[in-house]
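To start, the structure under review is shown below, and the notes come after it.
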Amino acid sequence: MIAEDECSRHSTKLLAVADALAQIKAAIQSLVATETVPLKQALGRVLATETRSTIALPFDTNAAMDGYAFASAEIVPQQPFCLKLIGTAWAGKPFTGSLKSGECIRIFTGAVVPDTADSVVMQEQVTVNAEWVSFPAECKVLQNVRQQGEDVKQGQVLLNAGKALTAADLGLLAGAGLANVAVKRKLRVGFFSTGDELVSLEETLNSGQIYDSNRYLLHGLLTHPCLEIQDLGVLADEPILLEARLQTAAATLDVLITTGGASVGAADYITQVLQRCGNIGFWKIAMKPGKPLLFGQIQQCVFFGLPGNPVAVMTTFDKLVKPALLQLCGYPAQKALQIQAVCGSYLKKSAGREEYQRGILQQAADGSFTVTTAGKQGSHILSSLSRANCYIVLERDCTDVAVGSVVTVEPFSHAL
Ligand code: AMP
Ligand code: MG
């Protein structure tokens with residue numbers, strides 16, 4: 001059992017959310033192990049090494065338009081001219097002859113521009129008569145040619161280590177011919193629900209029981225290309241069993257998450273179990289919902305004991321677990337996007353804890369933002385969480401918010 005003085009030492013502290021986050025950041029380190037994966041599997045993963053292009057992009061100087069290519073040296077500006085048509089360059093099938101002064105070739109977008117040419121005039125501007133092409137006075141030379149290496153030089157860095165790979169990055173790497181890429185290995189994250197009242201979805205509910213929402217909520221929140229997640233099921237409120245199962249799970253995971261049992265009720269054992277089998281970093285934060293958040297370590301595994309109420313699971317996940325997971329995966333640190341919005345609802349709030357109320361953010365035609373409450377704010381009210389698209393962030397010391405006040409809003413972003 002957790003020692004009485006240890007329990008009260010942790011319980012008297014209500015850590016500010018920013019301080020909790022700072023403690024978490026200081027306590028964890030990014031993964032170092034890497035693996036090489038095919039490009040398509042690299043979406044959303046974190047690049048392990050600086051990646052350079054072994055080729056210039058574009059590889060060849062090529063046409064940006066369907067038209068006619070020629071050398072401009074002997075063309076007199078602002079005068080019409082006529083060139084002899086001597087061949088065609090197709091995308092994938094270059095013109096193999098030699099193009100001299102007074103001549104042009106038909107060329108298609110992406111086709112190699114011959115060394116001796118420097119201009120492509122679009123086909124809509126010219127008149128073709130058998131083997132002669134007439135160019136009008138207003139057509140411009142030195143246009144519509146994409147230069148070799150103008151996007152990326154040979155040997156140039158394409159992407160730096162630590163880049164979270166986007167669709168555009170996959171396109172860039174593919175363009176450079178890179179079929180495989182070295183990324184950080186996946187983070188192994190497991191989660192349990194705890195509580196004697198929880199039953200699985202296949203069972204019929206009896207009075208006193210509830211269906212387990214949290215494992216489904218967490219499944220959704222944790223679905224990400226950098227995470228290998230394990231739904232570990234439900235554990236009863238039984239300290240010996242909890243300790244054994246948490247220890248076993250922690251041995252093979254990078255991060256272990258539990259929900260429920262982290263508060264001060266007689267059946268809330270997670271804190272004392274962590275005290276016995278691991279280390280407590282902090283317990284309880286000045287956040288609503290989400291006060292009974294527990295952070296610590298079991299062996300090498302980072303541990304989060306989240307509250308039982310589903311809304312508190314999501315707020316604590318978004319504000320504290322998600323930044324930790326991103327840091328562990330090697331993602332660049334990013335602050336949640338904040339928007340100032342005029343509040344269209346009266347919001348009840350007591351001083352003492354930072355609050356994350358669920359709101360509905362809308363942008364008017366003139367670009368201004370308004371936010372209204374998504375409904376009842378109890379930490380068990382999943383329907384308002386489901387309706388919401390943002391948090392209304394209310395500072396620790398702020399009290400009730402009047403209609404028309406400007407508030408800070410954080411849009412939900414569940415792509416990690
Ligand atoms: P606890 O922190 O264990 O006291 O739980 C707080 C509240 O959250 C209680 O009403 C629990 O029944 C509820 N709760 C705990 N776990 C879950 C879960 N997995 N799904 C839905 N509600 C839960
Ligand atoms: Mg419980």
Side-chain angles (χ1 to χ4, degrees), residues 37-44 47 49-160 163-181:
V37 297
L39 205 47
K40 278 188 188 167
Q41 288 172 29
L43 184 65
L47 198 61
T49 53
E50 179 185 86
T51 305
R52 290 175 184 268
S53 182
T54 57
I55 55 171
L57 298 172
F59 189 59
D60 295 296
T61 296
N62 69 87
M65 288 277 181
D66 296 326
Y68 293 83
F70 54 88
S72 66
E74 288 173 23
I75 305 288
V76 181
Q78 271 113 48
Q79 286 200 13
F81 56 97
C82 206
L83 299 173
K84 189 175 183 194
L85 183 59
I86 60 151
T88 302
W90 307 84
K93 210 160 100 198
F95 172 69
T96 50
S98 76
L99 179 67
K100 293 189 275 300
S101 176
E103 296 173 342
C104 68
I105 55 165
R106 182 94 206 267
I107 196 161
F108 296 101
T109 305
V112 175
V113 173
D115 287 348
T116 51
D118 59 10
S119 304
V120 171
V121 167
M122 62 196 284
Q123 61 189 29
E124 291 83 345
Q125 286 193 306
V126 307
T127 314
V128 185
N129 192 348
E131 57 178 7
W132 291 95
V133 183
S134 301
F135 297 78
E138 62 273 17
C139 84
K140 292 201 181 86
V141 297
L142 299 175
Q143 302 283 308
N144 303 324
V145 175
R146 304 159 170 171
Q147 300 299 332
Q148 180 187 55
E150 73 175 12
D151 185 3
V152 176
K153 306 255 175 300
Q154 186 176 19
Q156 190 180 320
V157 173
L158 287 172
L159 296 169
N160 291 311
K163 177 82 167 62
L165 296 171
T166 62
D169 295 332
L170 299 198
L172 177 66
L173 295 167
L178 298 166
N180 299 296
V181 64

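Residue numbers start at 1 and run along the sequence shown.
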| Rounded to the nearest 0.5 Å, how far apart are OG of S72 and CD of Q143? | 10.5 Å
| query | Between V145 and D118, is any pair of side-chain heavy atoms under 4.5 Å apart? | reply | no
| Taking C-beta and beyond as the side chain, do E150 and P58 meet within less than 4.5 Å on heavy atoms? | yes
| So how far is it from L85 CG to N129 CG, rounded to the nearest 0.5 Å? | 11.0 Å
| request: Give, for atom NZ of K40 and atom CG of N180, the distance between the pair rounded to the nearest 0.5 Å. | output: 13.0 Å
| task | Check A56 against G149 and note the closest heavy-atom contact, atom names and distance. | result | CB-CA, 3.9 Å
| field | Over 12 foreign heavy atoms within 6.0 Å of CD, Q78 | value | no
| remark: For L178 and L158 the tightest heavy-atom approach is CD1-CD1, 3.8 Å
| query | Where is the tightest heavy-atom contact between L99 and P114, given as atom of each residue plus distance? | reply | CD2-CG, 4.2 Å
| remark: In short, side chain to side chain donor-acceptor pair (under 3.5 Å) pairs touching residues 57-69 with sequence neighbours left out are N62-R146, D66-T109, Y68-R106
| task | Over all heavy atoms of both residues, which pair between V113 and A63 is shortest? Give the atoms and the distance, please. | result | CG2-N, 3.5 Å
| field | Donor-acceptor pair, side chain of Q41 and main chain of P38, under 3.5 angstrom | value | no
| query | Which pairs pass salt bridge (Lys or Arg N to Asp or Glu O under 4.0 Å) with one or both residues in residues 76-90, sequence neighbours excluded? | reply | none
| Going through the checks in order, is the side chain to side chain contact (heavy atoms under 4.5 Å, CB included) test met by I75 and F70? | CA-CA 10 Å; I75 305 288; F70 54 88; 4.2 Å; yes
| message | Nearest 0.5 Å, please: how far is CG in L165 from CG in L159? | response | 6.5 Å
| task | Could you tell me whether the side chain of T51 and the main chain of T49 form a donor-acceptor pair under 3.5 Å? | result | yes
| field | Residue pair L142 / K140, side-chain heavy-atom distance below 4.5 Å | value | no
| Should I86 and I105 count as side-chain neighbours, where that means a heavy-atom distance under 4.5 Å? | yes
| query | What distance separates S119 OG from I107 CD1, expressed to the nearest 0.5 Å? | reply | 11.0 Å
| field | Contact summary for Q156 and D151, nearest pair of heavy atoms | value | NE2-O, 4.4 Å
| Any donor-acceptor pair under 3.5 Å from Q148 side chain to F59 backbone | yes
| Does any N or O in the side chain of Q154 come within less than 3.5 Å of the main-chain N or O of T54, such that one atom is a donor and the other an acceptor? | yes
| said: Minimum heavy-atom separation for C139 and Q125, please, with both atom names. | reply: CB-OE1, 3.7 Å
| query | Any ring pair (Phe, Tyr, Trp, His ring centres under 6.0 Å) pairs touching residues 92-133, not counting sequence neighbours? | reply | W90-F108
| Hey, what do you get for CZ (F81) to OG (S134), rounding to the nearest 0.5 Å? | 9.5 Å
